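Note sheet for the following structure.
Quick note on labels: first sequence line is chain A, next is B, and so on, each numbered from 1. Given the structure is predicted, the values throughout are model-derived calculations rather than measurements.
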Protein chains: 2
Amino acid sequence: MQTTNTTEQQIIEAARKIFMHRGLAGARMQDIADEAGINKAMLHYYYRSKDKLFDIVFTEAVEMLLSRVSAIFTADLLLEDKIQSVIGSYIGSIAENPYLPLFIMNEINQNPDRIVQRFVNTPSFPNIQGFVLLLKEEMEKGTIRRVDPVQLMVSVVSMCVFPFVAKPLLKAVFRIEDPAFAQFIEERKAFVSSFVLSALRP
Amino acid sequence: MQTTNTTEQQIIEAARKIFMHRGLAGARMQDIADEAGINKAMLHYYYRSKDKLFDIVFTEAVEMLLSRVSAIFTADLLLEDKIQSVIGSYIGSIAENPYLPLFIMNEINQNPDRIVQRFVNTPSFPNIQGFVLLLKEEMEKGTIRRVDPVQLMVSVVSMCVFPFVAKPLLKAVFRIEDPAFAQFIEERKAFVSSFVLSALRP
DNA sequence: TGAACCGTTAACCAAATGGTTAAACGAGTT
DNA sequence: AACTCGTTTAACCATTTGGTTAACGGTTCA
């Protein structure tokens with residue numbers, strides 16, 4: 001993300017790129033070194049081991065993803081215009097880092113324990129409770145249909161994130177070529193928000 | 001899946017299990033051999049190389065996933081009761097093989113070319129066109145709201161599949177423990193169908 | 001000038017890993 | 001009993017890979 005040029009930074013950036021694309025098991029220390037344009041020994045000089053280096057990249061990635069989820073569930077929306085802008089910027093932010101979700105999903109599945117530890121001290125942990133209450137209020141008032149709040153939240157995230165996770169498969173099944181896929185994503189911003197709002201009509 | 005006991009079958013079953021959990025890069029031939037309870041050399045005796053063995057497992061998996069997607073987009077539904085049963089059985093079938101989607105998404109991302117070749121000769125390739133026409137008819141008639149058919153289809157698949165792909169993350173974020181997660185999935189069947197139907201109300 | 005220090009590198013090492021091979025095994029067959 | 005032939009195994013091999021080390025080079029500072 002940053003553009004500093006210190007060796008440490010170069011290594012992290014290279015590691016991020018390689019780990020995100022190939023995963024922990026698929027990444028080679030040599031590839032990371034090459035990507036950073038330095039000697040392999042430097043990786044160990046700055047970050048003792050492959051696991052240590054991976055942990056840094058992974059933690060950072062989780063942080064990034066969670067802060068995005070947080071943003072979407074930040075209170076005082078559900079006002080029709082707000083939900084539109086929030087979903088739009090959510091999809092937009094994933095589009096900037098399309099490999100992030102699959103990377104995280106995959107590594108968490110490989111080693112579910114890792115995430116638990118991360119969570120203990122992650123500051124940007126999504127505040128679910130607030131949003132749930134807000135939803136319940138609206139249902140009480142009758143402004144939206146009664147639905148399970150958690151199911152709803154999972155659905156919104158699903159619709160935003162899944163297209164990126166499944167991109168190559170979707171491209172193949174729906175015969176969408178690459179410039180068209182970008183447009184598909186762009187259109188998706190409007191679609192998802194109107195779809196959700198429509199489903200919530202009382 | 002099958003319960004035959006021939007060595008060849010045992011190997012495939014073991015390979016399926018290991019590859020699905022660890023991916024191509026993370027899987028070790030020794031682990032597969034151990035899982036099958038045989039010598040490592042047997043793997044090469046029956047299936048020349050790791051890649052060949054992986055291809056078989058992967059192709060089979062894609063077949064499985066696509067046939068499920070196909071099923072959901074098989075014509076003459078959209079009748080309220082039918083959509084409910086189709087989505088229900090779709091989610092149910094994924095629940096029987098919860099690692100399948102993430103496995104495929106991930107491996108396709110690692111090597112997008114693989115899927116293209118597979119597709120040429122896959123019999124159960126989803127017939128999108130028929131479903132799109134059906135949707136357009138209904139929109140014409142005014143029985144459902146006007147939406148982009150592809151966006152809709154992607155949304156349905158997203159809502160059904162994503163919870164399995166993101167399971168560990170969802171469990172952590174929403175504090176759902178394991179028995180409760182199964183119930184969450186069970187409830188999801190009804191939720192998704194009613195959510196979709198509700199969103200499509202004219 | 002030269003010692004101390006940090007960043008950097010080439011060469012090296014041990015373990016892991018995919019793959020091979022030659023021999024052994026075992027059920028038919030003659 | 002001996003021969004055949006598909007199956008199985010232990011031992012082995014070459015390469016890859018994460019990690020280490022010793023030396024090199026520049027900068028600082030006394």
Figure out the CG/C1' separation between Leu43(A) and dT8(C), and round it to whole Å. 12 Å

So what does Ala25(B) hit on the nucleic acid, given a heavy-atom distance under 4.0 Å: a base, only sugar-phosphate, or nothing? nothing

The helix from dT1(C)-dA30(D) to dT30(C)-dA1(D): angle between terminal helix axes, five bp per end, to the nearest 10 degrees, reads 20°

To the nearest angstrom, how far is Asp31(B) atom CG from dA16(C) atom C1'? 12 Å

Keeping the roles fixed (side chain from Gln10(B), backbone from Gly37(B)), state whether a donor-acceptor pair exists under 3.5 Å. no

Can you tell me how far P of dT8(C) sits from CD1 of Ile38(A), to the nearest Å? 8 Å

Nearest whole Å is fine: how far is dA15(C) C1' from Lys50(A) NZ? 14 Å

Do the ring centers of Tyr99(A) and Phe103(A) come within less than 6.0 Å of each other? no

Rounded to whole Å, please give me the gap between CG in Asp34(A) and P in dA10(C). 12 Å

Going 5' to 3' along DNA chain D, which are the first and last nucleotides with any atom under 4.0 Å from a heavy atom of chain B? dG6(D) to dA10(D)

Which atom names give the shortest non-hydrogen contact between Pro168(A) and Ile108(B), and what distance separates them? CB-CG2, 3.1 Å

Do Glu138(B) and Leu200(B) come within less than 4.5 Å of each other through their side chains, counting heavy atoms only? no

Taking the side chain as every heavy atom from C-beta outward, state whether Glu60(A) and Ile12(A) have any atom pair closer than 4.5 Å. yes

Between Gly37(B) and Lys40(B), which has a closest nucleotide on DNA chain D that is more 5'? Gly37(B)

Considering only NZ, NE, NH1 and NH2 on the basic side and carboxylate oxygens on the acidic side, decide whether Lys167(A) and Asp178(A) come within less than 4.0 Å. yes

Base, sugar-phosphate, or nothing: which does Tyr46(A) touch, judged by heavy atoms less than 4.0 Å apart? sugar-phosphate

Categorize Ala33(B) for me: base, sugar-phosphate, or nothing, with a 4.0 angstrom heavy-atom threshold over every strand shown. nothing

Keeping Lys50(B) on the side-chain end and Ala27(B) on the backbone end, is there a donor-acceptor pair under 3.5 Å? yes

So Met42(A), base contact, sugar-phosphate only, or nothing? Heavy-atom distance under 4.0 Å. base

Which whole-number value in Å describes the distance from His44(A) NE2 to dC13(C) C1'? 13 Å

Rounded to the nearest angstrom, tell me the gap between atom CD1 in Ile32(B) and atom P in dT17(C). 12 Å

What is the distance, to the nearest angstrom, from the CG atom on Asp51(B) to the C1' atom on dG19(C)? 12 Å

Between dG18(C) and Arg28(B), is there an OP1 or OP2 to side-chain N/O distance shorter than 4.0 Å? yes

Taking the six-membered ring for Trp, are Phe58(A) and Phe54(A) ring centroids under 6.0 Å apart? yes

Tell me whether Arg188(A) is salt-bridged to Asp148(B), with the criterion being a basic N under 4.0 Å from an acidic carboxylate O. no

